[in-house]
Protein chains: 2
Amino acid sequence: MSNTTHPDTSRSSDESAHAEVTVPRSPELEVEQEAALRLWVILSRAHAAIASHAHADVARSGLTLAEFAILEVLYHRGPMLLGEVQRRILVSSGGITFLVDRLTAKGLVERRNCDKDRRARYAALTPPGEALVAELFPAHADAITQAMRGLAADDQQVVAEMLRSLGLHAAAKPLP
Amino acid sequence: MSNTTHPDTSRSSDESAHAEVTVPRSPELEVEQEAALRLWVILSRAHAAIASHAHADVARSGLTLAEFAILEVLYHRGPMLLGEVQRRILVSSGGITFLVDRLTAKGLVERRNCDKDRRARYAALTPPGEALVAELFPAHADAITQAMRGLAADDQQVVAEMLRSLGLHAAAKPLP
DNA sequence: ATTACATTTCTCAGTAGTGAGATAAGCGAG
DNA sequence: CTCGCTTATCTCACTACTGAGAAATGTAAT
């Protein structure tokens, strides 16, 4: 089964074990919080559900989602600085080193020095890496598409647009 | 920084390293796939961005998101069979045992036998666990609410409704 | 009752990462 | 030039899980 972690905050009407409100606050805030918490649960579930399909698909080739994401971004955008890849696929700094190491060990990716900046290094697909992505990508795109069929394509665009705002705002906001 | 794993599939116009299309397919499918892949990226990013705020908030009390999710669901719904908690917070079967063990070690949760089914066990908050959730929840709800401010509350409801369809469909679909 | 199967939790070896700090290089002001 | 700050990658000890399978119990059909 698919698996991700998220809170459950659906207080369905009065069946909650703790209905008493200790601090009465503004009704607007209450409504806003309810919407936000509900969306958080649903967002987590939707992400988990889709991710499990994506994961199951890439796992067939012995890759993790993070590995596949790297291969894919290098395939579609060409060689890229490690830091750039890191920001794109959202792993930690240690993570990108680790993942590129592993992909290098598999012969799918290689590091290249950067002439302009001797601290920096490029990640680039090797020919076998390129061949692998070319082979895997169509089926993967199809798996994602199938998994997304719960929503019509035009609704998908609406959701995407809204989630983009949401994500940008949250990413921009400094962590507490 | 926040961190999650997801593919990057944004082929912005023609700067892609691989623009040649090998197999010409139906334009509808092409459009559908583009929408689906784009949504997958954006969904992943939005989830990661919000999750990092949620994570930073609960981490202040030395809890993981999964632990907090368990405490919260037990707080709001009362004692619950382990399997039920597992399905709600979406962890593996091993995960729920492990997490409840850890919360038990922290004195926040206890197991109770089930009279009707001797295989099954309840998870329930201890008084300290209940007190902790009562103390943490308001600030946590606030953190989530703040993180979600990229979208107006009514838009949040629209997105939530759509994501619910998406998630239910994907969760129902058997994995390949 | 017996057999076969399903469900619930637990076990545990394994893994995919994280994150804090180290190292090295570039960058700008004085 | 050189001091202080920033940026890019790497190191490594650590962790929060996963997932496959075991054990125990329930359930149903013959």
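A, B, ... follow the sequence lines: proteins, then strands. Residue 1 opens every chain.
A:Leu65 has its CG atom 8 Å from the P atom of C:dG17, to the nearest Å. Going from atom CD of B:Glu67 over to atom C1' of D:dC17 covers 11 Å, rounded to whole Å. Here D:dG19 presents its C1' atom at 16 Å from CG of B:Leu90, a figure rounded to the nearest Å. Nucleotide D:dG26 holds its P atom 12 Å from the CG atom of B:Asn113, rounded to whole Å. Atom P of nucleotide D:dC12 and atom CG of A:Asp101 are separated by 12 Å, given to the nearest angstrom. Rounded to whole Å, atom C1' of D:dA8 lies 17 Å from atom NZ of A:Lys116. Rounded to whole Å, the distance from CD1 on A:Ile96 to P on C:dG19 is 15 Å. With rounding to whole Å, A:Met80 atom CE is found 12 Å from D:dT9 atom P.
If you find the closest nucleotide of DNA chain C to B:Phe98 and to A:Phe98, the one lying nearer the 5' end belongs to B:Phe98. Across the interface with DNA chain D, nearest-nucleotide mapping of A:His55 and A:Thr97 shows A:Thr97 to be the residue nearer the 5′ end.
Checked by atom type and distance alone, the side chain of B:Thr126 pairs as donor or acceptor with a backbone atom of B:Gly107 at under 3.5 Å. Within the 3.5 Å criterion, the main-chain N or O of A:Arg88 finds a donor-acceptor partner in the side chain of B:Arg45.
An OP1 or OP2 oxygen of C:dC10 is reached within less than 4.0 angstrom by a side-chain nitrogen or oxygen of B:Arg121. Taking 4.0 angstrom as the limit, B:Thr64 places a side-chain polar atom (N or O) nearer than this to OP1 or OP2 of D:dC17. Checking the phosphate oxygens (OP1, OP2) of D:dG26, a side-chain nitrogen or oxygen of B:Arg118 falls inside 4.0 Å. OP1 or OP2 of C:dA16 lies within a sub-4.0 Å distance of a side-chain N or O belonging to A:Arg102. Between B:Arg111 and C:dC10 there is a side-chain N or O to OP1 or OP2 distance below 4.0 Å.
Salt-bridge annotation for B:Lys106 and B:Asp101: absent, with no side-chain N of the basic residue lying under 4.0 Å from a carboxylate O of the acidic one.
For B:Ala66, counting side-chain heavy atoms from C-beta on, the closest listed nucleotide (C:dT8, C:dG19, D:dC17) is D:dC17. Closest to the A:Asp117 side chain, of the nucleotides C:dT8, D:dT18, C:dA25, is C:dA25.
Proximity of B:Arg38 to A:Gln156: side-chain heavy atoms (C-beta onward) are nowhere separated by under 4.5 Å. Side-chain contact between A:Trp40 and B:His47: present, with at least one pair of heavy atoms (C-beta onward) separated by less than 4.5 Å.
A perpendicular orientation is assigned to the rings of B:His76 and B:Phe137, their planes being inclined by more than 60° (bins at 30° and 60°).
Contacts of A:Leu81 with the nucleic acid, taken as non-hydrogen atoms under 4.0 Å apart, involve only primed sugar atoms and P, OP1 or OP2. Backbone-only contact: A:Gly83 has heavy atoms under 4.0 Å from sugar-phosphate atoms and none from a base.
Between the base of D:dC10 and the side chain of A:Ser93 there is a donor-acceptor pair shorter than 3.5 Å. Applying the 3.5 Å distance criterion, the base of D:dT9 shares no donor-acceptor pair with the side chain of A:Arg119.
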